[in-house]
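Okay, so here's the structure we're looking at.
Throughout, a chain's letter reflects where its sequence line sits, starting with A, and its residues are numbered from 1.
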Number of protein chains: 2
Amino acid sequence: MPSSTVENYLKAILHLQGEGRGSTTVGEISRELEVTPGTVTIMMRHLKARGLVAYEPRRGLSLKPRGVTEAMKVVRRHRLIEAFLVEVMGLDWSEVHEEAEILEHVISDRLLDRINEMLGEPTHDPHGDPIPDRNGVLAKDRAMPLLDAAAGRYRVVRVSDEDSALLEWLNEKGVRIGEEFEVSDPDRAAGVLELSRRGGKRVQLGLQVAGQVFVEAVA
Amino acid sequence: MPSSTVENYLKAILHLQGEGRGSTTVGEISRELEVTPGTVTIMMRHLKARGLVAYEPRRGLSLKPRGVTEAMKVVRRHRLIEAFLVEVMGLDWSEVHEEAEILEHVISDRLLDRINEMLGEPTHDPHGDPIPDRNGVLAKDRAMPLLDAAAGRYRVVRVSDEDSALLEWLNEKGVRIGEEFEVSDPDRAAGVLELSRRGGKRVQLGLQVAGQVFVEAVA
DNA sequence: ATCGATTGTTTGAGTCGTCAAGATAAGTTC
DNA sequence: GAACTTATCTTGACGACTCAAACAATCGAT
């Protein structure tokens, strides 16, 4: 079984390679995990020896199928735990990411199954991230960053789970998963974008923030 | 903060010194934790340097007050987690010890508080072991081993949580915390002792087993 | 196509927890 | 009290993970 450390590397690689080019680099991983590049190099040799990543020195790297499978298991645990902490334990969605970062490495299969049942085999976590199924298969969503949305009507489907201050703020403003808003064209000069709810309440977001909120057009 | 390993040593010492003489030895710890005596010696030096144990080479050792406090925190976490797993998650009392052995080292204070609230600040875990309060104070019970009980009427108040086969068996036979039974004099020759419930069902236990079940006389 | 910046690799070292095996001290038994 | 047994301690080593710092390759731009 992979150690917690190995699990964290796999998760980081999955995350980084999953944004475009399909591969990542030592430097990116080192920044993501806040370890020195030398440490990453050594770990990559190790992961290569275990058949989890494809790695050629100085050429970048990517997960091999077995690495993807392992990483998906961790992601599944993470997201089920987040859902559990919100739904059953009543924690706030801004608190659960950190907790899940720890528990994802130690929870037993038995307990995870129990959680899955209690929640009715959920497909998404509290931030709208899809939960991989038992085989590591992930439902795709068609979400786009709010930042890229033309003016129109949209539903919030996903929010980045890593910045808890952002999550608290969104919660306070009533920007939650599933809510629908009328979106204005971004005012690039002001660096601001406006959401308005059917009721009327308006919310202004910085474009930075708008990049972390993902939406789907409403028909 | 103590590492998981240190927590396990403290818990083991608390457990071992808590049975009589108030102190324990390197050998006992080494057997309890299944590590070699040399490993224990090194850890004892370490714990002594941290002010957690009183240790003089070859003279045995015991927890200092700070060590007791730390150990009690771990015991509290362990027992609250066990209670949670049974009450909320619906696991069987025979399954929860192992799970709690792992989770006790990683659960956050926030989550532990939440568990404590959800359960209504319980005083005992599912095996009848008392849960230390926030200050590490433990309610005493007057339980005696069933083995030492004279014939009479008794209530089961506590069962050793470490042997899951025993727990399953007891559960199957209806021997649960809080149940009352008429206890026969032990038949030392046969190595057996009999419980009978008001209804009439009888249960035979080996004396070995009877040493792990703790009871209180009923008035 | 060479310079400088960026990125990645290597090397040497440290921490934590562990074991194996040999040395020593403390009982026990005759 | 000598011999044997058991408990404890010491030493040297290892595996996992990490860093710091020296070194090497690559890339981009002039």
Side-chain angles (χ1 to χ4, degrees), chain A residues 1-13 15-17 19-63 67 70-71 74 101-102 104-106, chain B residues 1-13 15-17 19-63 67 70-71 74 101-102 104-106:
Chain A
M1 306 291 88
S3 66
S4 310
T5 310
V6 166
E7 288 184 345
N8 280 333
Y9 277 91
L10 295 175
K11 206 172 48 142
I13 299 168
H15 176 223
L16 292 167
Q17 75 174 20
E19 300 175 340
R21 43 197 177 337
S23 69
T24 184
T25 65
V26 166
E28 286 185 326
I29 298 170
S30 121
R31 283 185 296 276
E32 172 96 357
L33 298 180
E34 300 182 280
V35 296
T36 60
T39 301
V40 176
T41 296
I42 289 178
M43 184 54 89
M44 290 312 110
R45 283 212 285 261
H46 182 200
L47 296 182
K48 179 181 181 180
R50 306 212 350 201
L52 298 168
V53 306
Y55 165 60
E56 289 308 320
R58 301 202 131 85
R59 285 213 189 322
L61 55 104
S62 60
L63 291 176
E70 287 302 325
V74 184
E101 283 292 301
I102 296 168
E104 67 187 7
H105 304 297
V106 300
Chain B
M1 304 293 88
S3 65
S4 310
T5 310
V6 166
E7 288 186 344
N8 280 334
Y9 276 93
L10 294 175
K11 207 172 45 141
I13 298 169
H15 177 224
L16 293 167
Q17 76 175 19
E19 299 175 340
R21 39 192 182 338
S23 68
T24 183
T25 64
V26 166
E28 285 185 327
I29 298 170
S30 117
R31 282 185 296 277
E32 172 95 357
L33 297 181
E34 300 182 282
V35 296
T36 59
T39 301
V40 176
T41 297
I42 290 180
M43 183 55 87
M44 289 312 111
R45 285 211 283 259
H46 182 202
L47 295 182
K48 179 182 181 179
R50 307 212 348 201
L52 298 168
V53 305
Y55 166 59
E56 290 307 322
R58 300 203 135 86
R59 287 218 187 319
L61 56 105
S62 59
L63 292 177
E70 288 302 325
V74 183
E101 282 292 302
I102 297 168
E104 66 187 7
H105 304 298
V106 299

task = Please confirm whether any donor atom in the side chain of A:Arg58 sits under 3.5 Å from an acceptor in the base of D:dA24, or the reverse.
result = yes
ask   = Could you state the CE-P distance from A:Met44 to C:dT7, rounded to the nearest angstrom?
value = 17 Å
request  = Could you tell me the separation between the CD1 atom of A:Ile29 and the P atom of C:dT9, rounded to a whole number of Å?
outcome  = 10 Å
ask   = With distance as the sole test, does B:Glu56 use its side chain to make a donor-acceptor pair with the main-chain N or O of B:Leu61 at under 3.5 Å?
value = no
query = Between atom CD in B:Glu7 and atom P in C:dG17, what is the gap in whole Å?
reply = 11 Å
message = Can you measure A:Met43 atom CE to D:dC19 atom P for me and round it to whole angstrom units?
response = 11 Å
inquiry  = Please classify the nucleic acid contact of A:Pro37 as base, sugar-phosphate, or nothing, using heavy-atom distances under 4.0 Å.
reply    = base
inquiry  = Does any part of the side chain of A:Ile13, heavy atoms only, come nearer than 4.5 Å to the side chain of A:Val53, both counted from C-beta?
reply    = yes
query = In Å, rounded to the nearest 0.5 Å, how long is the span from CD of A:Glu28 to CG of A:Leu33?
reply = 11.5 Å
note = Within residues 49-56 of chain B, the residues having a heavy atom closer than 4.0 Å to DNA chain C are none
Whether B:Lys48 side chain and B:Tyr55 backbone form a donor-acceptor pair below 3.5 Å = yes
note = Against the side chain of A:Thr41, the closest entry in C:dG8, D:dC17, D:dT10 is C:dG8
key: Phosphate-side-chain proximity, A:Ser3 and D:dC17, N/O vs OP1/OP2 below 4.0 Å   = yes
query = Using a cut-off of 4.0 Å on non-hydrogen atoms, how would the nucleic acid contact of A:Ser30 be classed: base, sugar-phosphate, or nothing?
reply = nothing
query = Any donor and acceptor pair, going by atom type alone, linking the side chain of B:Ser30 with main-chain N or O of B:Val35 inside 3.5 Å?
reply = yes
inquiry  = Which is more 5' along DNA chain D, the nucleotide nearest B:Gly27 or the one nearest A:Gly38? Just name the residue.
reply    = B:Gly27
Under 4.0 angstrom between B:Thr5 side-chain N/O and C:dC16 OP1 or OP2 = no
task = Measure the distance from CZ on B:Arg59 to C1' on D:dT8 and round it to the nearest whole Å.
result = 12 Å
task = Confirm from the modelled atom types if A:Arg45 and C:dT10 form a donor-acceptor pair under 3.5 Å, side chain to base only.
result = no
message = Rounded to whole Å, please give me the gap between CD1 in A:Ile42 and C1' in C:dT10.
response = 8 Å
message = salt bridge (Lys or Arg N to Asp or Glu O under 4.0 Å), that's the test. Do B:Lys11 and B:Glu32 meet it? Break it down for me.
response = CA-CA 10 Å; B:Lys11 207 172 45 141; B:Glu32 172 95 357; over 6 Å; no
query = Does C:dA20 have OP1 or OP2 sitting under 4.0 Å from an N or O in the side chain of B:Thr36?
reply = no
inquiry  = What is the distance, to the nearest angstrom, from the CG atom on A:Leu33 to the P atom on D:dC19?
reply    = 10 Å
task = Respond yes when some side-chain nitrogen or oxygen of B:Thr39 is under 4.0 Å from OP1 or OP2 of C:dG17, and no when none is.
result = no
request  = Give a yes or no on whether the backbone of B:Ile42 and the side-chain of B:His46 come within a donor-acceptor separation of less than 3.5 Å.
outcome  = no
Distance test, side-chain N/O of B:Tyr9 to OP1/OP2 of C:dC16, below 4.0 Å = no
inquiry  = Once rounded to the nearest 0.5 Å, what's the spacing between atom CG of B:Leu47 and atom CG of B:Leu52?
reply    = 6.0 Å
request  = Take atom CG of B:Leu47 and atom C1' of C:dG17, then tell me their distance rounded to the nearest Å.
outcome  = 12 Å
